[in-house]
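Take a look at the structure below.
Chain identifiers are assigned alphabetically (A, B, ...) following the order of the sequence lines, protein sequences preceding nucleic acid strands; residue numbering begins at 1 within each chain. Note that the coordinates shown come from a computational prediction; the quantities given were computed from them, not determined experimentally.
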Protein chains: 2
Amino acid sequence: MSDKKSGDEGRYAYEGLDRVLHEKARLGILTSLAARADGLLFTDLKALCNLTDGNLSRHLTVLQEAGIVEIKKGFRGRRPQTLCRLTESGRRRYLGYIGVLESVLADALDAAKATRRTKRVLPEGFSPA
Amino acid sequence: MSDKKSGDEGRYAYEGLDRVLHEKARLGILTSLAARADGLLFTDLKALCNLTDGNLSRHLTVLQEAGIVEIKKGFRGRRPQTLCRLTESGRRRYLGYIGVLESVLADALDAAKATRRTKRVLPEGFSPA
DNA sequence: CCATGGCGCTTTGCGAGCGAAAGTAGGCGG
DNA sequence: CCGCCTACTTTCGCTCGCAAAGCGCCATGG
């Protein structure tokens, strides 16, 4: 590396931003679940994340198929009740994702405050768009 | 609020996660740009974010149409050269997004270390999926 | 006893979005 | 003059996310 001028190649590629996890709704679901080792009910999750039934159902299926959450269907009294929990590997994946999120944030804050001016070569005229 | 049991309704909804910004590639692009007030060239951006030409072009168009970046086409010598820069409102939007990212991260780290066990009511048998 | 309505979830439909691949336009080297 | 290279843009297939409709079950009430 650093065979070129800067060695910054791919500096902002963020390959670790797992597409399955990097999603508004899913991020909320997982963060909710991460806090409770014994899981959450479908209905609670729905309220916590302000999701519609259909939406939540869809996302849970995706997460289940990815082996990130496990879903247990049971009954409360005689009404169906679905319990969702992070799997162990799901938790690891989530933590990994959070790790790169941290580095994104670090870059961002860095950028925000520094806003350093790199000397730029503006050769001839740049016509406005 | 707190008209129900917990007052946590929508606690994890993260409505501020702007869909236009919340995207792997775009996030990288914006973070790159945020650091340099005088902008970056198409080719630099491409290298920094490990994007293909087509991809970068696509994303830039989206960002431009959303008024987040401005694109100036000019020439270096007599080769075309495209300069991209964050607009002022784009910067604000980006900072807003980063703000909610911080809160997501705070929640996540909280969850990760605490992993508190809420007492759960598991009424009758939960059959394994 | 049927029907009307609510709860808990699943399935379907569709429009938007993403990224790979192909296309365009001009410079430059042989 | 010809073909390769750089610097993008456009097209295309497929996935994805979201909203709306559907399904099964229980409860209530006429």
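When distances run from any side-chain atom of B/Lys73 to the nucleotides C/dC18, D/dT9, C/dC28, the shortest one goes to D/dT9. Among the nucleotides D/dA19, C/dG6, D/dC8, the one closest to the side chain of A/Asn55 is D/dA19. Of the candidates C/dG27, D/dA19, C/dG19, the closest approach to any side-chain atom of B/Arg58 belongs to C/dG19. The A/Asp53 side chain lies nearest to C/dC9 when the options are D/dC26, D/dC8, C/dC9. For A/Thr43, taking side-chain heavy atoms from C-beta onward, the closest of the listed nucleotides C/dG8, D/dA7, D/dT10 is C/dG8.
In this entry the distance linking OH of A/Tyr14 with C1' of C/dC18 reads 20 Å, nearest Å. Counting to the nearest Å, the P atom of D/dG17 and the CG atom of A/Leu27 are 13 Å from each other. Atom CG in B/Leu51 sits about 8 Å away from atom P in C/dG19, given to the nearest Å. Whole-Å rounding puts the B/Asn50 CG to C/dG19 P distance at 13 Å. In this structure, A/Glu23 places its CD atom 12 Å from C1' of C/dG17, rounding to the nearest Å. With rounding to whole Å, B/Leu56 atom CG is found 14 Å from C/dC18 atom C1'. Atom pair A/Arg79:CZ and C/dG8:C1' shows a separation of 8 Å (rounding to whole Å applied). One atom, CD1 of A/Ile29, and another, P of D/dG17, lie 10 Å apart when rounded to the nearest Å.
Looking at B/His59 and B/Glu23, their side chains come closer than 4.5 Å, going by heavy atoms from C-beta outward. Between B/Leu41 and B/Lys46 there is no side-chain heavy-atom pair separated by less than 4.5 Å. Taking 4.5 Å as the limit, some side-chain heavy atom of A/Val69 sits within range of a side-chain heavy atom of A/Leu30. Between A/Asn50 and B/Tyr12 the shortest side-chain heavy-atom distance does not fall below 4.5 Å.
Under 4.0 angstrom from either OP1 or OP2 of D/dT15 there lies no side-chain N or O belonging to A/Arg19. For A/Arg26, a side-chain nitrogen or oxygen approaches OP1 or OP2 of D/dG17 to under 4.0 Å. Residue A/His59 has no polar side-chain atom (N or O) positioned under 4.0 Å from OP1 or OP2 of D/dC16. For D/dC8, one of the phosphate oxygens OP1 or OP2 lies less than 4.0 angstrom from a side-chain nitrogen or oxygen of B/Thr82. An OP1 or OP2 oxygen of D/dC16 is reached within less than 4.0 angstrom by no side-chain nitrogen or oxygen of A/Lys24.
Between the side chains of B/Asp18 and B/Tyr94, not a single donor N or O lies within less than 3.5 Å of an accepting N or O.
Backbone-only engagement by B/Thr52 is indicated by non-hydrogen atom pairs under 4.0 Å involving sugar-phosphate atoms exclusively.
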